[in-house]
Amino acid sequence: QVQLVESGGGLVQAGGSLRLSCAASGRTFSAYGMGWFRQAPGKEREFVVAIRWSDSWVYYADSVKGRFTVSRDNAKNTVYLQMNSLKPEDTAVYYCASTSNYMYGSTWTFHRNYHHWGQGTQVTVSS
């Protein structure tokens, strides 16, 4: 079992920045990779970015490419999502999730391919 805890959400003005953290504990060595997703009210859960543990290969959604950066701290079992140039449409609850499945290509973007989820952290971007 993997436990995930997100933090770092908040209220920020458009153009501002936030850094989200996802701290992992438990059987983290069994994970193939981790993803960040977000869900706005009344909308489907949306893929943001994924990172593969073996080589830190990263896959960004087009909507955040160039603005968001994912990184990891192995010693702390923590993944970070640095979000810059935030827009009102980035407003959502952000979730981190881990998967032990072999993933490739677009399979990283399907939330059903992830087994363990954090509780989410709210990000609100005001215009």
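Note that the structure is a prediction, hence the values are computed from the model and not measured.
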Fill in: Closest non-hydrogen atom pair, T107 against M103
O-CE, 3.3 Å
Practice prompt. Treat each ILVMFWY residue as a node, draw an edge where side-chain heavy atoms are under 4.5 Å apart, and state whether Y80 and I51 are in one component.
Written response: no
Discussion item. Minimum heavy-atom separation for G33 and W53, please, with both atom names.
Written reply: N-CD1, 3.8 Å
Worksheet item: Hey, are the side chains of S63 and E46 touching, using non-hydrogen atoms and a 4.5 Å cut-off?
Response: yes
Worksheet entry | H115 (side chain) donor-acceptor with S100 (main chain) under 3.5 angstrom | yes
Fill in: Spacing of C96 atom SG and Q119 atom CD [to the nearest 0.5 Å]
7.5 Å
Discussion item. Ignoring hydrogens, what is the shortest heavy-atom contact between M34 and A24? Give both atom names and the distance.
Written reply: CE-CB, 4.5 Å
Fill in: Centroid separation Y114 to W36 less than 6.0 Å
no
Discussion item. Could you measure the distance from the OG atom of S127 to the NZ atom of K87? Nearest 0.5 Å is fine.
Written reply: 14.0 Å
Item to complete: Report yes if some heavy atom in the side chain of Q122 is under 4.5 Å from a heavy atom in the side chain of T91; otherwise report no.
Response: yes
Worksheet item: Does N113 offer a backbone N or O that forms a donor-acceptor pair with the side chain of T99 under 3.5 Å?
Response: yes
Worksheet entry | Exercise: identify the closest heavy-atom pair between G120 and E6 | N-OE1, 2.8 Å
Discussion item. Given 3.5 Å as the limit, does a donor-acceptor pair link the side chain of R52 with the main chain of W57, or not?
Written reply: no
Worksheet item: Do the side chains of V48 and Y60 join up, straight or via other hydrophobic residues, at under 4.5 Å, putting them in one cluster?
Response: yes
Worksheet item: Say you draw a straight line from CZ of R45 to CZ of F37; how long is it, rounded to the nearest 0.5 Å?
Response: 8.5 Å
Worksheet item: Roughly how far apart are Q39 CD and Y95 OH, rounded to 0.5 Å?
Response: 5.5 Å
Worksheet item: Which residue, W108, F47, F68, forms the ring-ring contact (aromatic ring centres under 6.0 Å, His included) with Y59?
Response: F47
Worksheet entry | OH-CG distance between Y94 and L18, expressed to the nearest 0.5 angstrom | 9.0 Å
Item to complete: Mind listing the closest non-hydrogen atom pair of S21 and T78 along with its distance?
Response: CB-CG2, 4.2 Å
Fill in: Validation row: Q3, H116 side chains within 4.5 angstrom (heavy atoms)
no
Worksheet item: What heavy-atom pair brings L11 and S126 nearest, and what distance separates the two atoms?
Response: CD1-CB, 4.4 Å
Worksheet item: Checking side chain to side chain contact (heavy atoms under 4.5 Å, CB included) against M83, which of V64, D90, L20 comes through?
Response: L20
Fill in: Value rounded to 0.5 Å, distance of OG in S71 from CD in Q82
8.0 Å
